[in-house]
Amino acid sequence: MKAKGQETHSNVSEISGATQAQVWQRRELAQAEQDWLAQEVPVALVYNGISHVVMMATPNDLNAFALGFSLSEGIIEKPEEIYGMDIVPGCNGIEVQIELSSRRFMALKEQRRAMAGRTGCGVCGVEQLDQIGKPLTPLPFSQTFDLAQLDAGLAQLRDYQPIGNLTGCTHAAAWMSPQGELQGGCEDVGRHVALDKLLGWRSQQAWQQGAVLVSSRASYEMVQKSAMCGVEILFAVSAATQLAVEVAQRCNLTLVGFSKPGRATVYSHPQRLR
């Protein structure tokens with residue numbers, strides 16, 4: 001989880017999640033210079049010795065990613081159903097080795113065929129169209145948010161993207177209190193992974209009142225992951241897709257797109273907003 005922006009030091013060639021590389025700019029092709037690149041590596045989530053999924057991710061906050069993915073994909077219902085976790089670097093990527101409870105592992109084995117070959121797009125490897133959506137319990141209406149506080153949260157979002165500030169290459173997901181204060185946030189080259197990381201951190205915190213704010217568009221999977229973890233309000237900086245709106249309407253999630261200073265487009269359940 002990130003706090004504040006990270007300084008660039010000319011004598012440092014690598015920081016956690018970013019590395020320096022030689023580049024040439026259009027204005028001066030004869031002269032090379034150093035620039036920062038966000039790292040993107042294969043991360044395999046391995047449950048009880050069986051590899052379940054490989055995602056391309058920035059190699060930070062991987063415990064939070066594994067926990068959030070497990071919650072948002074319905075592999076577990078609560079963090080206590082994970083008994084242990086180890087991060088194991090390898091030649092071709094990183095394994096997150098997760099020890100599940102026996103009951104949850106048996107349920108996962110029954111679902112594995114529908115997830116075979118899945119990648120970050122969220123649909124790859126799904127064998128039938130009716131396997132795409134997950135059954136979602138309708139959310140309660142226990143949260144409210146004053147849109148006057150949204151601009152304050154937006155102004156803080158870059159503070160949780162130190163790698164993005166260096167590279168211009170990451171998405172952020174943050175938890176925003178009803179007062180517009182960002183209580184924590186995560187970044188990643190993948191918007192789904194950034195959200196999973198945040199949802200993992202949130203499950204370990206006392207963050208109940210508030211909303212999720214993401215720097216990306218709102219795809220259906222962003223809505224689905226949020227709803228699976230009990231999030232009632234999702235703010236996206238960019239647009240929402242048609243399927244995302246349909247899912248939000250069905251599961252009672254308040255979905256807001258084009259969240260920018262002085263602007264917001266509400267797609268579903270505006271009754272939570274003031």
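Not measured: the values here are computed from a predicted model.
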Linking I/L/V/M/F/W/Y whenever any side-chain heavy atoms sit under 4.5 Å apart, do [X] and [Y] land together?
{"X": "Ile87", "Y": "Phe65", "result": "yes"}
{"X": "Val46", "Y": "Ile82", "result": "no"}
{"X": "Leu166", "Y": "Val23", "result": "no"}
{"X": "Ile50", "Y": "Met55", "result": "yes"}
{"X": "Val41", "Y": "Leu37", "result": "no"}

Do [X] and [Y] have side-chain heavy atoms sitting under 4.5 Å apart?
{"X": "Leu62", "Y": "Val43", "answer": "yes"}
{"X": "Ile75", "Y": "His52", "answer": "yes"}
{"X": "His171", "Y": "Val214", "answer": "no"}
{"X": "Ile76", "Y": "Leu67", "answer": "yes"}
{"X": "Phe145", "Y": "Thr254", "answer": "no"}
{"X": "Pro79", "Y": "Ser203", "answer": "yes"}
{"X": "Val237", "Y": "Ser216", "answer": "no"}

Backbone N or O of [Y] within a donor-acceptor pair of the [X] side chain at under 3.5 Å?
{"X": "Asn48", "Y": "Leu100", "result": "yes"}
{"X": "Asp146", "Y": "Leu273", "result": "no"}
{"X": "Asn165", "Y": "Arg158", "result": "yes"}
{"X": "Ser219", "Y": "Ala240", "result": "no"}
{"X": "Ser268", "Y": "Val245", "result": "no"}
{"X": "Gln143", "Y": "Gly210", "result": "yes"}
{"X": "Asp151", "Y": "Gly262", "result": "yes"}
{"X": "Thr58", "Y": "Val189", "result": "yes"}
{"X": "Gln156", "Y": "Ala152", "result": "yes"}
{"X": "Tyr160", "Y": "Leu182", "result": "yes"}

Side chains of [X] and [Y], donor plus acceptor under 3.5 Å:
{"X": "Gln22", "Y": "Gln34", "value": "no"}
{"X": "Arg274", "Y": "Thr144", "value": "yes"}
{"X": "Ser70", "Y": "Tyr47", "value": "yes"}
{"X": "Glu181", "Y": "Gln179", "value": "no"}

*Report, as yes or no, whether the 6.0 Å neighbourhood of atom CD on Gln25 holds more than 12 heavy atoms from other residues, nucleotides or ligands.*
yes
Grab the two heavy atoms, one from [X] and one from [Y], that are nearest each other, plus how far apart they are.
{"X": "Gln209", "Y": "Ser142", "answer": "OE1-O, 4.3 Å"}
{"X": "Leu71", "Y": "Cys229", "answer": "CB-SG, 3.8 Å"}
{"X": "Ala227", "Y": "Leu253", "answer": "N-CD1, 4.2 Å"}
{"X": "Ala38", "Y": "Cys169", "answer": "CB-CB, 3.9 Å"}
{"X": "Gly17", "Y": "Asn60", "answer": "N-OD1, 3.6 Å"}
{"X": "Ala44", "Y": "Ser51", "answer": "CB-OG, 4.2 Å"}

*In terms of side-chain geometry, is the basic nitrogen of Glu80 or Arg103 positioned less than 4.0 Å from the acidic oxygen of its partner?*
no
*Before accepting this row, confirm whether a basic side-chain N of the pair Arg104/Glu77 lies closer than 4.0 Å to the acidic partner's carboxylate O.*
yes
*Are Glu221 and His192 close enough, and set up right, to give a side-chain contact (heavy atoms from CB on, under 4.5 Å), and what steps lead you there?*
CA-CA 8 Å; Glu221 200 173 23; His192 300 114; 3.3 Å; yes
*For the atom pair CD (Glu40) and CE (Met56), what is the distance rounded to the nearest 0.5 Å?*
4.5 Å
*Quick one: do Phe141 and His269 satisfy ring pair (Phe, Tyr, Trp, His ring centres under 6.0 Å)? Show the steps, please.*
CA-CA 10 Å; Phe141 286 86; His269 302 291; 5.6 Å; yes
*Among Arg272, Glu232, Gln271, whose side chain to side chain contact (heavy atoms under 4.5 Å, CB included) with Asn252 holds?*
Arg272
*Output, in order, the C-alpha distance, side-chain angles, deciding distance and verdict of side-chain contact (heavy atoms from CB on, under 4.5 Å) for Val53 and Phe69.*
CA-CA 10 Å; Val53 66; Phe69 180 91; 3.8 Å; yes
_For Trp24 and Gln31: C-alpha separation, side-chain torsions, deciding distance, then whether side-chain contact (heavy atoms from CB on, under 4.5 Å) applies._
CA-CA 7 Å; Trp24 291 261; Gln31 182 64 45; over 6 Å; no
*Take Gln20 and Asp35 through the test side-chain contact (heavy atoms from CB on, under 4.5 Å) and record every step on the way to the result.*
CA-CA 5 Å; Gln20 280 191 314; Asp35 200 2; over 6 Å; no
_Stacked cation flag Arg202 on Trp175, 6.0 angstrom / 45 deg_ = yes
